[in-house]
Amino acid sequence: MSNGIYFSILIMTFLISNAALCWISMLCFGKKTHVGTNLGRMISACNMVQWCFVFNYLFGGREFKAVMVSLERVFLAFAIFFLAEYIFYMCEMEMRKELKVFLFVLYVLDAALLATNPINHFVANVYYVENGFSEVARLEPKFLFYVHVALCVALLTPVSVALVIKAVKMSRFYKFKYLSLVVLEMLVILFNTIYSLKFDMGFDFSIAVYAPVIAVIYYMTFVYKPLWLTRKFQTYTNEHIMDAIVFYDKDGRVLSHNDRVDQIFDKEIWSDKERLYEYLGKPAEGTAIQKVGERFYKVNYTPMYDKNNGQYVGAVLIFHDNTETMNRLEREHRIATYDSLTNIYNRLGFFEASNNLLRNCREKAGFVLVVSGIYNFKGINTSYGVTYGDEVLKTIANCYSKLSKKMQMVYGRTAEAKFSCIIKRKKLDALVEALTSIPISDENGMEIYVNMLHGFVNLDDPTKTLDFYYEEALMALAKGKYMQRSPVVEYTQGMDEELKRRQSLISEMKSAIEKREFFLELQPQIHLKEHKITGAEALVRWNHPTLGRIPPGEFISLFESNGFITDLDEFVWDEAASIIKELNQEGSYLGPISVNVSQEDINNTDVVSIFEGIVKKHDLAPEKLHIEITESACADDRTKLIETMKGLREKGFLVEIDDFGSGYSSLNALMNLPFDIVKLDMLFMKNNNFDEKSETIVNAMTQMIHAIGATIIVEGVENDEIVSRAKKFEGDIAQGYFYSKPISVEEFKEFVKKFN
Ligand code: C2E
Ligand code: CA
Ligand code: CA
């Protein structure tokens, strides 16, 4: 080979090797760890050794070469020092600090001797060898040179032994790493030894393998990961992970899976992606809940694509068992949507189920929302006890359940004493029929009829929400409550206006009493035989400042529904007493006046003591006040009713049964009550529906009443036909438009004067 080519190859090899070592040492320093720093230093020192060697070999005069050959030894010594430190850290050993400092000082001394050798020749003599281009400086060792070599060996030997022991003892997963480091270290030492020895072999090509060996050291130290261990960890996680995992390749074959998969499906199914999809349905990308057998799984499906060309390469399916969570959610949902007492939907559940029904029904028209309220549920609770109240709610819920088997229906308890349902309009009659008067036995086995009122609305406008409809049905129900005696009311437009009006009447009532907007009219009562005015009924009127005269039909039931009636009645009773007193004192009228007592008054207050107080206040004989009480099936608490009547009679008041014969009253129930007078409502036997049969019944009734010594007042006497009929079955007293409408006190005085 010509010298030129030889020279070029030499320089090229050196430069490439040099660049590689620089780069690797930078990577090592970049790690910023003890291992990294010391490996970096070791590589840099080795690199310097190369520089010195090359300068010695190729350039300069004899003095320069002498310096280079000495410096080469200096850097070699430091390379060994840092190699030792690197191995120390690799083996997780710590050199004691004092020892480290001591060694470093020794090495610095050694370095100083070597560096000054070209001047003092303490360590070695320098001689020169011909190498083809020029000369190479070589060292002829003296005693101190052997000390230097001994120093290197002294450090390297224990360190190397430590590394070997470490490698042998190492777990099998890391043995390869440490054994290869041992081999590599040996190689480095071997190369360095080759430099040191004086083999005259021309150029040292070991520098060409220097860089690759160090690159492998770097790889084994920082990059290499034991594959077995990775596999082992993978198996571990696969076994311990609660999720089932399957990987499929692009053709749907299983690449990998864990045991959990077997617990979910048969191998038959999961071992082929197509079959799995047939079984599960093709999963949507991302996460979805799916039911497999009895259990719920959160299925995460991720198709994988090659980043470079976007091609589909396979898919990952992860099945997370979500059954517990789903069951818990279901339980929580049930708790949230069911009424614990009646075990039917609560308001939330009812709305949810109704919305579902309406969503799934193609034609919404034809459905109605019915809100049904228990009449006077508060009264039921106070009179019969909360347990009975609960029983009432449960029985009604049961009625709904039974009905729901006969018709398409969603139902629930949407408020304390309110039930709601959605049914077809044509089923409304059946619902009302079944749920208007429900016999429910109390603990003593006594059957009590619980009444329900119903408000309903047609669900004919798909743009309206159910909440909206609910409000409307509630309005209809409120209207029904206020109208009474009509168990079912359909929502009609304008009801909200009406409701607003009623709301404002309620809010104004108290101040209206103070402002004396209420006043009384008297309706005369005429004794049929004596043809004399023997009584009068006091009827309240409201002279509203803006709405004008409001009939009691509108506000009485309104105030009854919220308990305000008692305030008004107390005012009326007091007012009536003062009118009696005034008329008696004037002598214009000496008879009694009747006042009305609501069922609510009896429920809410001690009526007897109030009346006592009133007669005391006005210094009035109690028999001047007649007290009208309506007996009806709606009477919530009969014992209280009877007690009140008894109490009043004991104190000398006369008790009248009002509106007898209208609707609910029964002769049987009447006979249990203590009373003095019965007011027969004639409106129910108006001309057109009064036949022979009813005449017989009324006759029997009046005879019985007379038989127990009570008086009969016939109400609603509108014409002489009714007068003669009243006379026929021996009514004692008559009251009605035929004689007089309710009139002011002044007019009443006039009337009495004229009549008598
Ligand atoms: P009610 O106690 O049955 O009073 C009789 C009602 O019948 C009165 O209506 C009276 O004007 C009406 N009336 C009298 N004669 C005839 C007739 O020949 N034909 C017809 N069609 N009706 C007749 P009003 O004043 O509108 O009172 C309605 C209801 O309001 C009363 O019915 C009563 O239940 C209640 N009410 C009136 N004032 C009071 C009161 O101060 N307290 C309470 N709690 N309720 C009252
Ligand atoms: Ca009355
Ligand atoms: Ca009446």
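On a predicted model such as this, the values are computed, not experimentally measured, just so you know. The basis for the numbers below is simple: all heavy atoms, side chains too, and nothing from hydrogens, waters or symmetry mates. If you read the sequence from its start, that first residue is 1, and numbering goes on from there. Just so you know, ligand 1 is whichever comes first in the structure, and atom 1 is the first atom listed for that ligand.
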Original post:
Does any N/O atom on Q735 come nearer than 3.5 Å to any N/O atom on ligand 1?
Top reply: no
Original post:
Hey, which atoms in ligand 1 end up nearer than 4.0 Å to a heavy atom of P552?
Top reply: 24 (P), 25 (O), 26 (O), 27 (O), 30 (O)
**OP:** Find all atoms of ligand 1 within a distance of less than 4.0 Å from any non-hydrogen atom belonging to E715, and give their numbers and elements.
**Re:** 3 (O), 5 (C)
Original post:
With a 4.0 Å cut-off on heavy atoms, is P551 touching ligand 1?
Top reply: no
Original post:
Within 45° of the six-membered ring axis of F653 and under 6.0 Å from that ring's centre, is NZ or CZ of K651 located there?
Top reply: no
**OP:** Could you tell me if any non-hydrogen atom of E521 lies under 4.0 Å from any atom of ligand 1?
**Re:** no
Original post:
Can a salt bridge be assigned to the pair K581 and E575 using a cut-off of 4.0 Å between side-chain N and carboxylate O?
Top reply: no
Original post:
Backbone or side chain, does any N or O of D659 fall under 3.5 Å from an N or O of ligand 1?
Top reply: yes
Subject >> K741, portion touching ligand 1 at heavy-atom distance under 4.0 Å >> reply: neither
Original post:
Which atoms of ligand 1 are found less than 4.0 Å from any heavy atom of V572?
Top reply: 41 (O)
Original post:
Got F660 and I677 here, is their nearest side-chain heavy-atom distance under 4.5 Å?
Top reply: no
Original post:
Between R501 and E497, is there a salt bridge with N-O shorter than 4.0 Å?
Top reply: no
Original post:
Would you say the side chains of E656 and S594 form a donor-acceptor pair under 3.5 Å?
Top reply: yes
**OP:** List the steps, then state whether side-chain hydrogen bond (donor to acceptor under 3.5 Å, both in side chains) holds for S609 with D606.
**Re:** CA-CA 6 Å; S609 56; D606 183 357; 3.0 Å; yes
Original post:
For K617, what residues pass the salt bridge (charged side-chain N to carboxylate O under 4.0 Å, His left out) criterion, not counting sequence neighbours?
Top reply: D574
Original post:
Which ligand 1 atoms are under 4.0 Å away from a heavy-atom of P742?
Top reply: 11 (O)
**OP:** Select one of side chain, backbone, both or neither to describe which atoms of V540 lie under 4.0 Å from any atom of ligand 1, heavy atoms only.
**Re:** both
Original post:
Taking 4.0 angstrom as the limit, do D659 and K679 come out as a salt bridge?
Top reply: no
Original post:
If you measure from the Lys or Arg side-chain nitrogens to the Asp or Glu carboxylate oxygens, is any gap between K529 and D732 under 4.0 Å?
Top reply: no
Subject >> Any I513 side-chain heavy atom under 4.5 Å of D567 side chain >> reply: yes
Original post:
Quick one: does R541 get a heavy atom under 4.0 Å from ligand 1?
Top reply: yes
Subject >> Ionic contact status for E490 with R425, cut-off 4.0 Å >> reply: yes
Original post:
Can you find a non-hydrogen atom of E537 under 4.0 Å from ligand 1?
Top reply: yes
Original post:
Would you call K749 and E746 a salt bridge, taking side-chain N to carboxylate O under 4.0 Å as the test?
Top reply: yes
**OP:** Could you say whether the N/O atoms of F738 and ligand 1 ever approach to under 3.5 Å?
**Re:** no
**OP:** Decide if atom CD of E433 counts as having more than 12 heavy atoms of other residues, nucleotides or ligands within a radius under 6.0 Å.
**Re:** no
**OP:** Quick one: look at D601 and ligand 1, take heavy-atom pairs under 4.0 Å, and tell me if it's side chain, backbone, both or neither.
**Re:** neither
Original post:
Which of the numbered atoms in ligand 1 are below 4.0 angstrom from a heavy atom of Q523?
Top reply: 14 (C), 15 (N)
Original post:
For E560 and ligand 1, does the shortest N/O to N/O distance drop below 3.5 Å?
Top reply: no
Original post:
Under 4.0 Å between a Lys/Arg side-chain N and an Asp/Glu carboxylate O for E554 and R502?
Top reply: no
**OP:** Show all protein N/O/S atoms under 3.0 Å from the Ca ion (ligand 3), or state that there are none.
**Re:** D658 OD1, D659 OD1, E715 OE1, E715 OE2
Subject >> Distance filter under 4.0 Å to V717 heavy atoms, resulting ligand 1 atoms >> reply: 18 (O)
